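Written out below as structure tokens is the structure these notes cover.
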Amino acid sequence: MKLVRLLLFVLVPMMGFSQIGGEDEVYLGGDRIEAKFNGGGIEEFTKFIRKEFDYSKVTKAGKMVGAFTVDVDGSVKNIKITEFFDVESATEFIRVLKKCPKWEPAKRGGKPISIEIKYPMVFREK
């Protein structure tokens with residue numbers, strides 16, 4: 001019986017802290033502030049994409065999803081295309097992301113953190 005109590009005393013606190021720390025953190029405090037692009041959110045980033053993307057490179061309708069990291073210094077890194085329908089469109093999206101100015105990084109507890117953003121683009125028939 002003493003062993004059961006000891007295990008409960010040791011394991012219960014560990015279970016409570018098991019979700020704090022690491023990449024798969026669960027945040028209940030709500031202190032995370034999202035990254036900002038040109039003083040705004042994803043809407044401002046969409047304006048940038050629409051302005052810079054050469055739509056003549058798109059040869060057919062389809063969906064493309066790009067992913068990238070906004071680093072702690074606001075730079076765009078680790079660009080990858082996770083879903084695409086033709087190489088030309090994917091190459092153009094990568095070109096635009098490489099041209100992207102720095103973001104204001106996301107913050108947690110007042111400190112900059114890096115985050116991954118997944119950005120879908122859907123192209124329709126003209």
Side-chain angles (χ1 to χ4, degrees):
M1 188 66 173
K2 287 183 183 181
L3 182 61
V4 172
R5 284 186 189 165
L6 178 63
L7 284 175
L8 286 174
F9 181 75
V10 172
L11 292 178
V12 170
M14 285 183 177
M15 291 185 322
F17 289 110
S18 66
Q19 293 184 348
I20 299 174
E23 281 186 28
D24 298 326
E25 297 179 43
V26 175
Y27 297 97
L28 302 175
D31 66 344
R32 178 175 161 175
I33 298 170
E34 293 300 321
K36 293 181 182 171
F37 184 82
N38 288 339
I42 203 73
E43 306 82 25
E44 288 298 314
F45 179 66
T46 298
K47 288 178 189 176
F48 170 79
I49 294 293
R50 286 185 179 154
K51 179 182 171 207
E52 298 295 330
F53 194 90
D54 182 0
Y55 290 92
S56 69
K57 305 281 185 186
V58 180
T59 58
K60 58 185 173 182
K63 179 182 178 185
M64 178 170 48
V65 178
F68 57 94
T69 301
V70 175
D71 209 356
V72 293
D73 68 354
S75 58
V76 173
K77 297 184 176 181
N78 304 325
I79 298 169
K80 55 190 169 225
I81 305 298
T82 59
E83 185 180 330
F84 68 98
F85 55 92
D86 73 350
V87 174
E88 293 82 12
S89 300
T91 303
E92 177 62 9
F93 193 45
I94 290 170
R95 181 194 70 80
V96 172
L97 288 175
K98 285 183 177 180
K99 188 177 178 179
C100 185
K102 286 192 173 191
W103 291 59
E104 182 181 323
K107 293 180 181 171
R108 179 167 296 117
K111 295 179 182 175
I113 59 170
S114 62
I115 60 164
E116 183 177 63
I117 295 177
K118 292 183 181 173
Y119 187 81
M121 292 184 74
V122 177
F123 302 96
R124 300 189 189 343
E125 295 280 333
K126 293 180 182 180

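Worth saying up front: this structure is predicted, and the values here are computed from it rather than measured.
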(request) For the residue pair Lys107 and Ile113, establish whether any side-chain heavy-atom pair is separated by less than 4.5 Å. (result) no

(request) Provide the closest heavy-atom pair for Cys100 versus Phe45 in the form atom of the first, atom of the second, distance. (result) SG-CE1, 3.9 Å

(message) With a 3.5 Å distance limit and no angle check, can you tell me whether Asp54 reaches the backbone of Ser56 through a side-chain donor-acceptor pair?
(response) yes

(request) Give a yes or no on whether the backbone of Val65 and the side-chain of Thr82 come within a donor-acceptor separation of less than 3.5 Å. (result) yes

(message) When you compare the side chain of Asn78 with that of Phe68, does any pair of heavy atoms fall below 4.5 Å?
(response) no

(message) Is it the case that the ring center of Phe123 lies less than 6.0 angstrom away from the ring center of Phe85?
(response) yes

(request) Can you tell me which residue pairs pass the salt bridge (Lys or Arg N to Asp or Glu O under 4.0 Å) test with a partner in residues 61-74, sequence neighbours excluded? (result) Asp71-Lys77, Asp73-Lys102

(request) Output, in order, the C-alpha distance, side-chain angles, deciding distance and verdict of side-chain contact (heavy atoms from CB on, under 4.5 Å) for Val70 and Phe37. (result) CA-CA 10 Å; Val70 175; Phe37 184 82; over 6 Å; no

(request) Find out if a path of hydrophobic residues (ILVMFWY) with successive side-chain heavy-atom gaps under 4.5 Å connects Leu97 to Tyr55. (result) yes

(message) To the nearest 0.5 Å, what is the distance between CG on Asn38 and CD on Glu43?
(response) 12.0 Å

(request) For Pro105 and Pro112, work out which heavy atoms get closest and say how close. (result) CG-CB, 4.0 Å

(message) Taking salt bridge (Lys or Arg N to Asp or Glu O under 4.0 Å) as the definition, give me every residue that meets it alongside Lys57, ordered by chain and number, with sequence neighbours left out.
(response) none

(request) Could I get the full list of salt bridge (Lys or Arg N to Asp or Glu O under 4.0 Å) partners for Glu83, not counting sequence neighbours? (result) none

(request) For side-chain contact (heavy atoms from CB on, under 4.5 Å), just list the numbers for Phe93 and Ile79, CA-CA rounded to whole Å, side-chain angles, deciding distance to a tenth of an Å, and then say yes or no. (result) CA-CA 10 Å; Phe93 193 45; Ile79 298 169; over 6 Å; no

(message) For Glu52, give me all partners under salt bridge (Lys or Arg N to Asp or Glu O under 4.0 Å), at least two apart in sequence or on another chain.
(response) Lys99

(request) Quick one: pull up CE in Met64 and CD1 in Ile81 and give me the separation to the nearest 0.5 Å. (result) 6.0 Å

(request) Answer whether the closest heavy-atom distance between the side chains of Trp103 and Ser75 falls below 4.5 Å. (result) no

(request) Give the cluster check for Ile33 versus Val72: same hydrophobic cluster or not, with ILVMFWY residues linked at side-chain heavy-atom distances below 4.5 Å. (result) no

(request) Quick one: closest heavy-atom pair of Ile115 and Ala106, and the distance? (result) CG2-CB, 3.8 Å

(message) One thing to verify: whether Glu34 and Lys36 come together as a salt bridge, which I'm taking to mean a side-chain N less than 4.0 angstrom from a carboxylate O.
(response) no

(message) Enumerate the salt bridge (Lys or Arg N to Asp or Glu O under 4.0 Å) contacts for residues 84-95, please, sequence neighbours excluded, ordered by first and then second residue.
(response) Glu92-Arg95

(request) Using salt bridge (Lys or Arg N to Asp or Glu O under 4.0 Å) as the criterion, list what pairs up with Glu116, not counting sequence neighbours. (result) Lys80

